[in-house]
**Q** 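Submitted below is the structure of interest, expressed as structure tokens.
Everything numeric here is computed off the predicted structure, so don't read it as measured data.
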There are 4 protein chains.
Amino acid sequence: MVKGAVRLFIEKGFHRTTTREIAKESGFSIGTLYEYIRSKEDILYLVCDAIYEEVRDRLAYHLDTNNEGIDRLKKAVAAYFQVIHDMQDEVLVMYQEAKSLPKEALSYVLQKEVEMTEMIEKVIRDCAKEGVINVDDDARVKLVAHNILVQGHMWTFRRWQIQKHFSLEEYTTLQVEQLLQGVDHRPI
Amino acid sequence: MVKGAVRLFIEKGFHRTTTREIAKESGFSIGTLYEYIRSKEDILYLVCDAIYEEVRDRLAYHLDTNNEGIDRLKKAVAAYFQVIHDMQDEVLVMYQEAKSLPKEALSYVLQKEVEMTEMIEKVIRDCAKEGVINVDDDARVKLVAHNILVQGHMWTFRRWQIQKHFSLEEYTTLQVEQLLQGVDHRPI
Amino acid sequence: MVKGAVRLFIEKGFHRTTTREIAKESGFSIGTLYEYIRSKEDILYLVCDAIYEEVRDRLAYHLDTNNEGIDRLKKAVAAYFQVIHDMQDEVLVMYQEAKSLPKEALSYVLQKEVEMTEMIEKVIRDCAKEGVINVDDDARVKLVAHNILVQGHMWTFRRWQIQKHFSLEEYTTLQVEQLLQGVDHRPI
Amino acid sequence: MVKGAVRLFIEKGFHRTTTREIAKESGFSIGTLYEYIRSKEDILYLVCDAIYEEVRDRLAYHLDTNNEGIDRLKKAVAAYFQVIHDMQDEVLVMYQEAKSLPKEALSYVLQKEVEMTEMIEKVIRDCAKEGVINVDDDARVKLVAHNILVQGHMWTFRRWQIQKHFSLEEYTTLQVEQLLQGVDHRPI
DNA sequence: AATGAATGAGAGTTCATTCAT
DNA sequence: AATGAATGAACTCTCATTCAT
């Protein structure tokens, strides 16, 4: 059911998709659909949840491989970007439709985003512990983690611009460079 | 009318806002509303257009002040973040609802985003010309411009997280540092 | 104003034409339009009235020419068919839209149709008086008059069929023959 | 549903009848109504189609009875007039509202009218074959068929005049006489 | 467990009409 | 006399949801 709904939400957005269409696409009747859900919003919740679950699982899988030194961070970013790239449409749907979730469900889904941030934060902290990078405070760790996450999302929601100019490899390389070295500038 | 619509879109989103509510909020009747627009989507277009216009004008105003050296970039980023901060709700609405625009209107609005990117690119190039930063290629300029823009947006669309941890000043300072120096790391 | 309204009614029918369009087509503002009428139906009334007036005047003009004998009838039918032919669109509009008139106005307009019938009846009676035809009773006169009138109207409202098969001349000749001789048949 | 719609269209015409009224008159909700149709025009189409179907079926039923000689034609006309008489309101609705059909549906409905004409033409030709009448050419057959059809319709759309003066029997008798013998006149 | 016909509140939109200017 | 901005009732149509089967 979720698969069908995602397909439709990608195509026409949540509001423009009818429950009838979702039932049909999922291969059962509207009556049966309502055996599994209580309202249309439930579907959106299930969809968002499923997408997060998949992104997180895939990312966790990639982070598992034991890298060392600065590579740990580089590979993590690359892996994350790759996951986002593979699930572009799904990520985009979530980005655009999550706001339509009822309050409680939204909190729940945002919690998943927090978890994602923590996964990235952990990579950064692990690098710091190893001594390959030097991040003096928690705030900076958080900020860098958020930046990485959002730079992943950007790849989808600004694709009409960014993917015109960069391949995923170029984008990854440049963003990692930027992340580590910043803009080359005269000392102030 | 646009003001009223923005208020409502902020509160409940485009789809959940009725034309009648917009008319009422704007202080005229539904009939009069339809003297000015041809369809509900027209309102969304007017709203998005107005928001972009205001963001761009305010930013242009701030970029006018003649700064020199690396300050040119720093102040530009700060000014941009400030504008976004002042117009948080509006920017968020545009981010979340622009996708509901009819194709043609969407293209038109995205063109405005391209213009914004070019404004930021210009600041970067001006710094490079002055010699205070060293950006070797166009791709990097573009990427940095996009990053700055999106870091502005994230201040609104991740505010439930970010504004919990940072004040606007902290956020600005940290992001500028990050932008210029990257993460402090052992040379590879 | 009537001219403009007729044009529009021909094109799209009474209900599908808006008062705004009528005002525009007539070259004045909606406000001014309502100086002359009290409701949209008034326009329909004026239109129907004007059309009848014109049909009647034209017909009267043709009937004036002094014909004698059976020619009196033949020429009258021919003249009437010609008038209908010249005013096809107008006649059709009246046929199709008169039903939308308010009751009283409808009666008034139907009275004009009665007058038309009487004009034709008079021609028949004049022929009878002259002795060129022999119509024994009033009922038959009435019936023949109605038949002639409707055969005129048919030329417009069945034109998609009839005008494919006949020119106006053919149609007139055949109908007159039919009228006078009926179908050639074995005596019963 | 069609029955209900016909009743309402008879009473107030197509444009003045609302979909809600039709639904109510038909005994179901507006939602259910729209399960069966896609637009209000669909109802008009169904109505026109149903009326034609019924007129044709009834007529076909009456034409079946094997008559011979001139009676074949006489009885056919009488049967046709009787059918029209029995379905006066319905026929009138179709006459007045068919023009509001979308183009394609209109063509389809007019095709039915062509079929009706052909049914009458066939009766005439059968009589001619039998030798009881003598119609020299196709054009005349067509014309007579059209005349008969329209004289049927007249019975409804001029009833405010004709039914004041004639009973159906008188009307039928007189029209048949007229049809066969024409107006009694001195040879020219 | 599964269906899908039925519901009706509510959406966007139109347009005859008014009336202050 | 002439205007046209403003009105809002009324229209057609949609769709999330229910419930008898």
Side-chain angles (χ1 to χ4, degrees), chain A residues 1 5 8 12 14-24 26-44 100 102, chain B residues 1 5 12 14-24 26-44 100, chain C residues 1 5 8 12 14-24 26-44 100 102, chain D residues 1 5 12 14-24 26-44 100:
Chain A
M1 189 195 84
L8 290 166
K12 15 174 37 196
F14 173 66
H15 281 103
R16 284 171 163 57
T17 303
T18 69
T19 50
R20 269 167 151 98
E21 286 171 327
I22 295 169
K24 194 171 195 184
S26 311
F28 35 68
S29 71
I30 185 69
T32 306
L33 180 68
Y34 270 84
E35 291 293 321
Y36 296 99
I37 57 164
R38 255 157 319 140
S39 78
K40 194 185 172 190
E41 281 166 344
D42 284 359
I43 304 174
L44 184 56
S100 298
Chain B
M1 189 196 84
K12 8 167 51 189
F14 173 67
H15 281 104
R16 288 188 184 350
T17 303
T18 69
T19 51
R20 275 180 168 77
E21 286 170 328
I22 296 170
K24 195 170 195 184
S26 311
F28 33 67
S29 70
I30 184 67
T32 305
L33 180 67
Y34 272 87
E35 290 291 320
Y36 296 102
I37 58 163
R38 255 157 319 141
S39 78
K40 195 185 173 191
E41 280 169 344
D42 281 2
I43 305 174
L44 184 56
S100 298
Chain C
M1 189 196 83
L8 289 166
K12 12 171 46 193
F14 174 66
H15 282 104
R16 284 170 161 60
T17 303
T18 68
T19 50
R20 270 167 151 99
E21 286 171 326
I22 295 169
K24 195 170 194 184
S26 312
F28 36 68
S29 71
I30 184 70
T32 306
L33 181 66
Y34 270 84
E35 291 293 320
Y36 296 100
I37 57 163
R38 256 157 320 139
S39 77
K40 194 187 174 191
E41 282 165 343
D42 283 1
I43 305 173
L44 184 56
S100 298
Chain D
M1 188 197 84
K12 12 172 41 195
F14 174 67
H15 280 105
R16 288 191 185 344
T17 303
T18 69
T19 50
R20 270 183 166 75
E21 286 170 328
I22 296 169
K24 196 169 194 185
S26 311
F28 34 66
S29 71
I30 182 69
T32 304
L33 180 67
Y34 272 87
E35 290 291 321
Y36 296 102
I37 57 162
R38 255 157 319 143
S39 78
K40 195 186 173 189
E41 281 168 343
D42 283 1
I43 305 174
L44 184 56
S100 298

**Q** Residues two or more places apart in sequence or in another chain: which of them pass salt bridge (Lys or Arg N to Asp or Glu O under 4.0 Å) with A:Arg20?
**A**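 Residues passing salt bridge (Lys or Arg N to Asp or Glu O under 4.0 Å) with A:Arg20: D:Glu35.
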**Q** Without decimals, in angstroms, what is the distance between B:Ile22 CD1 and E:dG12 P?
**A**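 Those two atoms, CD1 and P, are 8 Å apart.
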**Q** Which is more 5' along DNA chain F, the nucleotide nearest D:Arg16 or the one nearest B:Ser29? Just name the residue.
**A**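 That would be B:Ser29.
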**Q** Heavy atoms only: give me the nearest D:Thr19-D:Leu33 pair and the separation to one decimal.
**A**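 It is O-CD2, 3.5 Å.
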**Q** Taking all heavy atoms of C:Glu21 and all of C:Thr18, pick out the closest pair and write down the distance.
**A**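 C:Glu21 and C:Thr18 have their closest heavy atoms at OE1-N, 2.8 Å.
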**Q** Please tell me which of C:Phe14 and D:Tyr36 maps to the more 5' nucleotide of DNA chain E, matching each residue to the nucleotide holding its nearest heavy atom.
**A**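 Its nearest nucleotide being more 5', the pick is D:Tyr36.
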**Q** Hey, which sits more toward the 5' end of DNA chain E by its nearest nucleotide, D:Thr32 or B:His15?
**A**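 Its nearest nucleotide being more 5', the pick is D:Thr32.
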**Q** Calculate the interatomic distance between C:Leu8 atom CG and E:dC15 atom P; express it in whole Å.
**A**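 Taking CG of C:Leu8 and P of E:dC15, I get 13 Å after rounding.
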**Q** Show the nearest heavy-atom pair for residues C:Lys12 and C:Arg16, with the distance to one decimal.
**A**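 Between these two residues, the closest heavy atoms are O-CB, 3.1 Å.
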**Q** What heavy-atom pair brings D:Ser100 and D:His15 nearest, and what distance separates the two atoms?
**A**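 So the minimum-distance heavy-atom pair works out to OG-CE1, 3.3 Å.
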**Q** Tell me: OH of D:Tyr34 to C1' of E:dG10, nearest whole Å?
**A**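 Checked: the OH to C1' distance equals 14 Å.
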**Q** E:dA20 pairs with which nucleotide, Watson-Crick or G-U wobble, both distances below 3.5 Å?
**A**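 Pair assignment: E:dA20 / F:dT3.
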**Q** What contact category does C:Thr19 fall into here, base, sugar-phosphate, or nothing, at under 4.0 angstrom with non-hydrogen atoms?
**A**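 Answer is base: heavy atoms of C:Thr19 come under 4.0 Å of a base.
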**Q** Just how far, in rounded Å, is C1' of E:dG8 from CZ of D:Phe28?
**A**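 From D:Phe28 CZ to E:dG8 C1': 15 Å.
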**Q** Nearest whole angstrom, please: distance from the P of E:dG10 to the NZ of B:Lys40.
**A**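 For the pair B:Lys40 NZ and E:dG10 P, the rounded distance is 15 Å.
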**Q** Considering only heavy atoms of chain A and a distance under 4.0 Å, specify the first and last nucleotide of DNA chain F in 5' to 3' order that meet this criterion.
**A**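 In short, chain A contacts DNA chain F from F:dC15 to F:dT18.
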**Q** Looking at every non-hydrogen atom in both residues, tell me the closest pair between C:Ile22 and C:Ser26 and how far apart they are.
**A**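 So the minimum-distance heavy-atom pair works out to O-OG, 2.5 Å.
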**Q** In whole angstrom, what separates D:Leu33's CG from E:dG8's C1'?
**A**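 After rounding, the gap between these two atoms is 13 Å.
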**Q** To the closest 0.5 Å, what do you measure between CD1 (A:Ile43) and CZ (A:Phe14)?
**A**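 It is 7.0 Å, given to the nearest 0.5 Å.
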**Q** Find the distance B:Glu21:CD to E:dG12:C1' and express it as a whole number of Å.
**A**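 Taking CD of B:Glu21 and C1' of E:dG12, I get 13 Å after rounding.
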**Q** Who does E:dG8 pair with, Watson-Crick or G-U, both distances under 3.5 Å?
**A**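 Per the H-bond distance test, F:dC15.
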**Q** When the nearest nucleotide of DNA chain F is assigned to A:Arg20 and to A:Gly31 on a heavy-atom basis, which residue is associated with the more 5' position?
**A**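 Checking each residue's closest nucleotide, the 5'-ward one belongs to A:Arg20.
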